[in-house]
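Structure, as structure tokens:
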2 protein chains.
Amino acid sequence: MNNDKKRLLAKVAYLYFIEDYTQAEISKELNIYRTTISRMLKQAKDLGIVSIKINDFDTDLFDLELTLKEKFQLKNILIIPSYPKESNKSKDQRLSLAAALYLKRIIKPKDIVGFAWGSILVGMIGQLQNPVKTDATFVPLVGGPSPSNSQYHVNGIVYDAARQFGGKSLFVDAAAVQESKYIRDGIINSQYFSDIRRLWAHLDIAFVGIGGPLTNSASRWRDLLTDEDRELLRERQAIGDCCCTFFDRHGKILTGSLLNRTIAVPLDNLRQVSNTVGVARSLTKAPSIKALLAMGILNTLITDEETANRILEIS
Amino acid sequence: MNNDKKRLLAKVAYLYFIEDYTQAEISKELNIYRTTISRMLKQAKDLGIVSIKINDFDTDLFDLELTLKEKFQLKNILIIPSYPKESNKSKDQRLSLAAALYLKRIIKPKDIVGFAWGSILVGMIGQLQNPVKTDATFVPLVGGPSPSNSQYHVNGIVYDAARQFGGKSLFVDAAAVQESKYIRDGIINSQYFSDIRRLWAHLDIAFVGIGGPLTNSASRWRDLLTDEDRELLRERQAIGDCCCTFFDRHGKILTGSLLNRTIAVPLDNLRQVSNTVGVARSLTKAPSIKALLAMGILNTLITDEETANRILEIS
DNA sequence: TAAATGTTGGCACTTTTGTGCAAAATAAGG
DNA sequence: CCTTATTTTGCACAAAAGTGCCAACATTTA
């Protein structure tokens with residue numbers, strides 16, 4: 001490749017990219033056949049004579065999305081940037097907002113949308129603004145919290161969602177964890193619960209939070225757990241939960257007494273849902289998130305940069 | 001323009017320009033209508049989110065070409081870069097090469113090609129390599145130099161050109177300046193000269209050098225001038241010559257005794273030629289070149305950067 | 001100088017992009 | 001909550017760009 005040739009390529013590239021000539025115009029101007037111009041432009045790109053830079057674009061973030069999407073076979077992923085020295089509250093807020101926008105974007109008129117518990121999900125509902133009016137149905141995916149936390153009741157989430165999106169919502173009249181398998185089964189099989197069960201089988205969208213380890217948890221529903229429950233979870237090395245269902249680091253669901261007493265959509269159900277969206281962030285939750293991703297239950301993840309990086313590190 | 005929006009534009013631009021997605025693919029990936037993607041890309045360019053740089057391309061040089069081309073209504077222009085500290089010999093050589101390549105590019109099988117005198121033109125012939133074989137006719141545009149400079153005879157140029165391009169050449173058997181108008185007219189009207197005169201009327205291409213001021217001239221033909229000629233030229237403020245025809249700074253051709261004794265194509269003839277190519281460089285010649293350009297006789301200029309800049313400065 | 005190798009021209013045809021316009025959706029104010 | 005801008009969608013159509021192919025040409029190499 002001699003120098004004159006290179007200069008010619010550069011000239012063509014200049015006319016095309018900077019002066020916005022069409023290839024036909026360049027062809028005419030330089031008396032070179034148009035298709036040759038097309039090929040020259042390709043060559044100029046290949047040779048690095050043309051360098052295109054995208055400003056305001058965090059390539060790392062995008063690569064992170066691609067990598068995680070690939071690694072965990074996700075259908076969608078959304079990673080919001082992390083800014084240094086930002087408070088957790090603010091980080092959570094931005095994550096909620098991102099989740100809210102995402103829901104607004106994917107919801108369709110007659111969708112059946114399930115919500116589980118999670119502080120991000122609560123925050124998310126507060127950030128929906130001017131959502132499209134739909135005829136969607138909003139349904140809880142888990143039972144409620146203990147009576148002392150009633151202001152964070154999952155019913156509140158679906159109710160607000162329905163109010164804002166204009167559809168209808170179903171309530172769940174039971175706490176997430178019951179005293180015995182017998183009662184749990186009774187509720188689940190009861191007449192009034194059958195609507196919810198049916199909807200669980202036909203979910204279009206499911207939004208779930210992800211709970212971190214037991215130890216450093218500020219969870220609003222885990223006060224439902226008995227001391228024996230906690231003991232058992234420790235013993236079996238529970239690493240986190242989703243929809244009140246605990247699992248260990250290997251993505252093994254911890255079955256047993258607790259799960260039998262729990263009112264929640266079975267995680268396996270979520271595999272059939274076309275949009276199963278996990279929303280969570282924080283370094284302490286990263287292992288839980290990773291384990292859950294590995295289970296292949298979610299097909300969409302919404303998190304932030306630092307969390308995503310951590311997930312990748314420990315994978 | 002909020003930040004999220006900007007990030008989206010950047011993402012689209014990234015996928016398009018860096019990852020070579022088509023707009024349709026991006027549209028599918030992001031669930032945004034294709035035409036919107038097209039518009040987003042335009043916006044991203046407008047906002048400077050996409051910045052495209054052409055390496056190895058001297059924008060100044062190109063602008064210089066455009067400006068001069070415009071200013072002097074040229075059909076074509078070729079400005080080669082000037083490198084600092086390069087010797088004049090080397091600069092001349094590069095210019096000759098550029099001119100040679102240019103001729104190779106524009107010559108057509110049956111063209112009639114005229115050559116005038118000029119060191120660059122001599123150098124140019126030496127740098128033709130593997131030219132296309134043509135059936136062209138090469139003809140001198142001026143008479144020869146004085147007998148003492150016979151190795152630089154214009155006949156040599158056309159002869160070599162014909163040898164290399166494979167066509168035929170005509171010789172001129174007279175010096176450029178004769179002793180009297182009477183002799184000049186006699187030669188021009190002679191039988192053997194009629195071929196040349198006819199070709200002069202049907203030139204397809206004319207390559208001419210441009211001579212600078214009398215004072216600092218190393219010209220190889222000006223020894224034909226008499227003292228009176230020189231005196232007159234000084235008096236009438238000759239600024240340079242082309243095809244042995246002198247003109248002043250205003251582009252006025254200096255008629256009179258000298259011109260009447262000169263054997264050369266009339267400059268006005270060159271206006272009809274579809275490619276009248278002037279090849280010259282150097283700061284001292286800039287005023288001559290400028291004056292000649294202003295006359296509108298050339299339609300193509302081949303020069304170098306420093307000369308072009310000077311021409312522009314004094315315009 | 002002849003054969004081999006690479007480049008451009010020329011053409012038909014496909015794919016990709018750009019654009020104008022009206023309808024629908026979204027955002028912004030009052 | 002309703003009204004009014006501003007965007008986005010959706011579509012049809014026009015313009016521009018890309019591709020495969022082959023022949024002509026040019027450049028290297030043997």
Side-chain angles (χ1 to χ4, degrees), chain A residues 1-9 11-13 15-17 19-47 50 52 97 100-109 127-136 163-166, chain B residues 1-6 8-9 11-13 15-17 19-47 50 52 97 100-109 127-136 164-166:
Chain A
M1 172 67 48
N2 71 50
N3 225 294
D4 270 350
K5 174 95 189 192
K6 238 177 169 169
R7 286 242 310 287
L8 182 58
L9 289 182
K11 186 168 184 171
V12 168
L15 290 170
Y16 187 75
F17 289 105
E19 298 288 339
D20 284 325
Y21 279 45
T22 67
Q23 295 184 1
E25 286 170 330
I26 299 172
S27 157
K28 199 170 157 195
E29 171 84 17
L30 305 183
N31 278 304
I32 298 173
Y33 209 77
R34 187 187 63 74
T35 48
T36 305
I37 299 288
S38 174
R39 288 162 185 140
M40 287 169 99
L41 285 169
K42 189 192 289 178
Q43 205 183 5
K45 276 193 199 170
D46 292 346
L47 291 175
V50 180
I52 304 181
L97 178 58
L101 293 174
Y102 184 74
L103 174 57
K104 278 173 65 175
R105 214 171 82 211
I106 65 168
I107 197 170
K108 287 194 290 299
Q127 307 218 43
L128 288 168
Q129 21 188 354
N130 301 321
V132 275
K133 295 305 171 195
T134 70
D135 195 20
R163 198 165 46 81
Q164 298 209 55
F165 279 106
Chain B
M1 172 67 50
N2 71 49
N3 224 294
D4 270 351
K5 175 94 189 193
K6 238 179 169 168
L8 183 58
L9 289 182
K11 187 168 184 170
V12 169
L15 290 171
Y16 188 76
F17 289 106
E19 298 288 340
D20 284 325
Y21 280 44
T22 67
Q23 295 182 3
E25 287 170 330
I26 299 172
S27 156
K28 200 170 158 195
E29 172 85 16
L30 304 182
N31 276 304
I32 299 174
Y33 207 77
R34 187 190 62 74
T35 47
T36 306
I37 299 286
S38 173
R39 286 158 186 145
M40 287 168 98
L41 285 170
K42 188 192 288 176
Q43 205 181 7
K45 275 193 199 170
D46 292 346
L47 291 174
V50 180
I52 303 181
L97 178 59
L101 292 173
Y102 184 75
L103 174 56
K104 278 173 67 174
R105 213 172 82 212
I106 65 168
I107 197 170
K108 287 194 290 297
Q127 306 218 44
L128 288 168
Q129 21 189 352
N130 301 321
V132 274
K133 295 306 170 196
T134 69
D135 196 19
Q164 298 210 53
F165 279 107

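Letters go in sequence order (proteins before strands), and every chain restarts at 1.
Among the nucleotides D/dA12, C/dA12, C/dT17, the one closest to the side chain of B/T35 is D/dA12.
One can place OH of A/Y33 at 17 Å from P of D/dC21, the figure rounded to the nearest angstrom. Spacing between atom CD of A/Q164 and atom P of C/dA27 amounts to 13 Å, rounded to whole angstrom units. The nearest whole Å value for the distance from the CG atom in A/L30 to the C1' atom in C/dG9 is 15 Å. Going from atom CD of A/E25 over to atom C1' of D/dA16 covers 11 Å, rounded to whole Å. Rounded to whole angstrom, the span from the CZ atom of A/F165 across to the P atom of C/dT26 amounts to 10 Å. Distance CD1 (A/I26) to P (D/dA16): 12 Å, rounded to an integer number of Å. Rounded to a whole Å, the CG atom of A/D20 is 10 Å from the P atom of C/dT19. As rounded to whole Å, 18 Å separates atom C1' of C/dG10 from atom NZ of A/K28.
The side chain of A/K104 places an N or O atom within less than 4.0 Å of a non-bridging phosphate oxygen (OP1 or OP2) of C/dA27. For D/dG18, one of the phosphate oxygens OP1 or OP2 lies less than 4.0 angstrom from a side-chain nitrogen or oxygen of A/Q23. An OP1 or OP2 oxygen of C/dG9 is reached within less than 4.0 angstrom by a side-chain nitrogen or oxygen of A/T36. Taking only side-chain nitrogens and oxygens, A/S38 never comes nearer than 4.0 Å to OP1 or OP2 of D/dA17. A sub-4.0 Å separation between OP1 or OP2 of C/dT19 and a side-chain N or O of B/K42 is present. Within the 4.0 Å cut-off from OP1 or OP2 of C/dT17, at least one side-chain nitrogen or oxygen of B/Y16 is found.
With sequence neighbours left out, B/Y21 forms a side-chain hydrogen bond (donor to acceptor under 3.5 Å, both in side chains) with no residue at all.
The base of C/dG20 sits within donor-acceptor range of the side chain of B/R39, with an N or O pair under 3.5 Å. In the interface, the side chain of B/R34 is not paired with the base of D/dG10 through any donor and acceptor atom under 3.5 Å apart.
Residue pairs meeting the salt bridge (charged side-chain N to carboxylate O under 4.0 Å, His left out) criterion with at least one member in residues 24-39 of chain A, sequence neighbours excluded, are A/E29-B/K69.
Nearest heavy atom pair, residue B/T22 against residue B/Y16, reads C-CD1, 4.5 Å. In terms of heavy-atom proximity, B/I107 sits nearest to B/A136 at CD1-CB, 4.2 Å.
Contacts of A/T22 with the nucleic acid, taken as non-hydrogen atoms under 4.0 Å apart, involve only primed sugar atoms and P, OP1 or OP2. Among the heavy atoms of the strands lying under 4.0 Å from B/I32 are primed sugar atoms or P, OP1, OP2 only; no base atom is included.
Side-chain atoms of A/I32 and A/M40, non-hydrogen and from C-beta on, do get closer than 4.5 Å to each other.
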